[in-house]
Amino acid sequence: MFRQLSLSRLAGFCGLALAYCLWLGASSSRADEIGQLMVVVQQTSIRVGTEDLETLPRGFPFVASKVDGDWLAVANRKSGWVQRADVLPLTEAISHFSKLLDREPKDETLHLIRGVLLQKSGDHDRAIADFSEVLKINPRNRMAYSNRAIAWKQKGQMELALGDYNEALRLDPQSAMTWHNRGAVWAAEGKYKKAVADFQEAI
């Protein structure tokens, strides 16, 4: 027969069991972060040891390739580590920036960031709404035109995509990426001479 446990020993056992379960849960969630799209929610730096190699802005997305305690491996122009406290998984990041927008609904940067994240989640309609809101606030925001064009293309609305790329290029004719992306729309439409001309301009 088992001895009857005292209340104090039973409480201690339950506490250990709870701690073990929490540890297992934390280990599992950390393992799940590998290969997951993460988003910087407050400006941070890629670090190696004590050296800051590169600053990453809010909204920067990356795929975590390794986990080491409170650090996630990231590769951009440079490779290193970012603190977990500065990042969130994509869905949670969208919620985070939505809460910030509830307090600052006219912040064009927040709308732009959330629009890009919604685009990455496949919610093109809400992404377009965010980019359109940016353009109401600042009609000269080239990034809003370029990103909205990407969303239009993903929805198959090629004419609308071309219109936004045209406006983006009017605002910044030196953007190689915009020339490239408009060329991709021309190519998708089978207008290869126009596509080649845009690709050449990008080069």
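- The CH2 atom of Trp71 sits 8.0 Å away from the CG atom of Asp86 when rounded to the nearest 0.5 Å.
- Nearest heavy-atom pair, Ala93 versus Leu88, reported as atom, atom and distance to 0.1 Å: N-CB, 4.0 Å.
- The distance from the CG atom of Asn141 to the CZ atom of Phe131 is 10.0 Å, given to the nearest 0.5 Å.
- Taking all atoms of both residues into account, the shortest heavy-atom contact from Met158 to Glu189 is CG-OE2, 3.3 Å.
- Here the straight-line distance linking atom CG of Asp130 with atom CG of Asp125 works out to 12.0 Å at 0.5 Å rounding.
- For the atom pair Ile46 CD1 and Leu56 CG, the distance stands at 4.5 Å (nearest 0.5 Å).
- Looking at Glu167, its side chain never comes within 3.5 Å of a backbone N or O of Tyr145 through a donor-acceptor pair.
- Follow the hydrophobic side-chain contacts under 4.5 Å out from Val63 and you reach Ile113 in the same cluster.
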Please lay out, stage by stage, how Arg84 and Val67 fare under the test side-chain contact (heavy atoms from CB on, under 4.5 Å). CA-CA 9 Å; Arg84 176 186 278 103; Val67 177; 3.2 Å; yes
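- Listed by chain and number, the residues in a ring pair (Phe, Tyr, Trp, His ring centres under 6.0 Å) with Phe199 are His180 (sequence neighbours excluded).
- Within the 4.5 Å cutoff, the side chain of Met177 has heavy atoms near those of the Asn181 side chain.
- Taking Glu133 as the reference, Lys106, Lys136 meet the salt bridge (Lys or Arg N to Asp or Glu O under 4.0 Å) condition, with sequence neighbours excluded.
- Both Val82 and Val40 are assigned to one and the same hydrophobic cluster, defined by single-linkage of ILVMFWY side chains at heavy-atom distances under 4.5 Å.
- To the nearest 0.5 Å, atom OG1 of residue Thr178 and atom CG of residue Leu171 are 10.0 Å apart.
- Pairing each heavy atom of Asp107 with each of Leu101, the nearest pair is O-CD2, 4.0 Å.
- Ile34 and Ser65 make their closest contact through CG2-O, 3.6 Å (heavy atoms, listed as atom of the first residue, atom of the second, distance).
- A donor-acceptor contact shorter than 3.5 Å is absent between the side chain of Arg148 and the backbone of Leu160.
- Between Ala64 and Met38 the shortest heavy-atom distance is CB-CG, 4.1 Å.
- When hydrophobic clusters are built by joining Ile, Leu, Val, Met, Phe, Trp and Tyr residues whose side-chain heavy atoms come closer than 4.5 Å, directly or via intermediates, Leu90 is not grouped with Val116.
- Residues Leu118 and Val39 are members of one and the same hydrophobic cluster, defined by side-chain heavy-atom contacts under 4.5 angstrom among Ile, Leu, Val, Met, Phe, Trp and Tyr.
- Between Tyr165 and Ile150, the closest side-chain pair of non-hydrogen atoms falls below 4.5 Å.
- Leu110 and Ile137 fall into different hydrophobic clusters, where Ile, Leu, Val, Met, Phe, Trp and Tyr residues are linked whenever their side-chain heavy atoms come under 4.5 Å apart, directly or through other members.
- Between Ala161 and Lys153 the shortest heavy-atom distance is CB-N, 3.9 Å.
- Note that the CG atom of Leu117 and the OG atom of Ser98 stand 9.0 Å from one another [nearest 0.5 Å].
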Audit row: Trp81, Asp68, side chain to side chain donor-acceptor pair (under 3.5 Å) steps and yes/no: CA-CA 9 Å; Trp81 300 85; Asp68 185 2; over 6 Å; no
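- For the pair Leu162/Lys191, no side-chain contact is recorded, criterion being any heavy-atom separation below 4.5 Å from C-beta on.
- Side-chain contact between Val41 and Phe97 is present, with at least one heavy-atom pair separated by less than 4.5 Å.
- Within the 3.5 Å criterion, the main-chain N or O of Met143 finds no donor-acceptor partner in the side chain of Ser146.
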